[in-house]
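For this chain, numbers begin at 1 and follow the sequence in order.
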Amino acid sequence: MAKGIREIKRQIKSTQNTRQITKAMEMVAASKLRRAQEKTEAARPYSEKLREVVASIASGSTGVRHPMLEKRAVRKTAYLVITSDRGLAGGYNANILRRVSNELRDRHSSPDEYMIYVIGRKGRDYFRRRGIPVAEMVTDLSDAPSFADVKTLASRAVRDYELGNCDALYLCYNQFVNALTQIPQVEGLLPMEPVTFDGAMQSYEFEPSPAEVLDVLLPRYAETLIYKAVLEGKASELGAKMTAMGAATKNASKLINEYTLTYNRARQAAITQEITEIVAGANAAQS
């Protein structure tokens with residue numbers, strides 16, 4: 001009985017240590033999530049202004065054409081998949097990778113019909129295990145990634161489209177709704193839909209010409225949208241981690257209560273047995 005009580009005490013102590021770790025991880029994720037949301041908000045004015053300028057060129061210039069705005073026959077499709085480098089984030093990675101796998105299965109009959117770009121170790125390892133080649137990847141992103149961290153991959157994806165190496169580019173990421181909800185998204189990035197702007201647009205004069213300005217701005221705008229998706233994915237990852245660690249902390253507390261109840265019952269049974277033995281021994285001595 002004593003051995004069983006000691007084992008229960010060890011389980012209680014071990015679970016208490018686990019609860020301290022998961023609680024700390026939950027608090028860290030919550031702090032990082034706030035910063036990630038602030039970073040996403042800070043990047044929004046730049047992308048909105050870029051969108052306004054592009055829309056101004058598209059609406060105010062006639063005869064301006066660009067390959068990134070024109071649809072063509074799709075022979076090869078590219079997917080840019082955003083995942084995390086580490087786990088402990090609930091279904092964050094599994095949900096988006098399952099969504100991408102369904103897209104590949106439903107849309108394509110051969111691996112020759114698509115190419116994959118990946119952000120995050122989880123996505124890289126997922127495709128490697130299935131023998132799917134990865135054209136370009138980025139790993140070891142910080143929890144507050146900068147544009148420079150993903151520029152090489154974003155530029156490669158946009159350039160491959162411009163050069164005709166692929167005929168469509170899709171962004172695959174988890175859209176952040178709140179800490180409890182992240183929605184897997186597969187959104188078409190290229191070719192771009194006609195760019196519009198809802199607000200009041202300023203009047204711009206372009207030099208050397210609208211077409212040449214568009215040649216520079218459209219790739220930059222596409223790269224900015226990729227970066228925006230990366231920030232959205234990072235906020236989703238941190239929200240999923242915070243939720244997962246919160247659930248783990250609650251489960252640990254529940255286990256501690258159960259172990260404590262079992263421990264008290266075992267100790268009470270041991271005390272009762274000792275009293276019974278003492279009484280039995282005293283009665284035997286008197287007789």
Item to check | Spacing of Arg19 atom CZ and Lys250 atom NZ [to the nearest 0.5 Å] | outcome: 13.5 Å

Checklist entry - Do Ser155 and Glu223 get their side chains close enough for a donor-acceptor pair, meaning under 3.5 Å? => result yes

Item to check | Residue that, paired with Val150, satisfies side-chain contact (heavy atoms from CB on, under 4.5 Å) out of Ile119, Leu231, Leu80 | outcome: Ile119

Next on the checklist: I'd like to know if the side chain of Ser84 pairs up with that of Asn93 as donor and acceptor (distance under 3.5 Å, no hydrogens or angles considered).
Outcome noted: yes

Checklist entry - Considering only heavy atoms from C-beta outward, does the side chain of Met137 approach that of Arg128 to under 4.5 Å? => result yes

Item to check | Evaluation steps, side chain to side chain contact (heavy atoms under 4.5 Å, CB included), between Asn95 and Ile183 | outcome: CA-CA 8 Å; Asn95 291 339; Ile183 304 174; over 6 Å; no

Checklist entry - Between the side chains of Asp149 and Ser146, does any donor sit under 3.5 Å from an acceptor? => result yes

Checklist entry - Would you say the side chains of Tyr126 and Ser101 form a donor-acceptor pair under 3.5 Å? => result yes

Checklist entry - Can you find a side-chain donor-acceptor pair between Glu187 and Tyr173 that sits under 3.5 Å? => result yes

Checklist entry - Going by atom types alone, do Arg156 and Thr152 pair a side-chain donor with an acceptor below 3.5 Å? => result no

Checklist entry - Should Thr77 and Glu113 count as side-chain neighbours, where that means a heavy-atom distance under 4.5 Å? => result no

Next on the checklist: Cation-pi check for Tyr92 against Arg99: NZ or CZ below 6.0 Å from the six-membered ring centre and within 45 degrees of the axis, yes or no?
Outcome noted: no

Next on the checklist: Does either side chain, that of Tyr117 or that of Asp160, offer a donor lying less than 3.5 Å from an acceptor on the other one?
Outcome noted: yes

Checklist entry - Roughly how far, to the nearest 0.5 Å, is CD1 of Ile5 from CZ of Arg10? => result 12.0 Å

Next on the checklist: Ring of Phe127, cation from Arg129 - is the NZ or CZ under 6.0 Å from the centre and inside 45° of the axis?
Outcome noted: no

Checklist outcome for this item: The side-chain hydrogen bond (donor to acceptor under 3.5 Å, both in side chains) partner of Asp143 among Lys241, Lys39, Lys32 is Lys32

Next on the checklist: Would you call the rings of Tyr170 and Tyr79 parallel, tilted or perpendicular, taking 30° and 60° as the class edges?
Outcome noted: parallel

Checklist entry - How about Asn102 and Arg105: does a side-chain donor come under 3.5 Å of a side-chain acceptor? => result yes

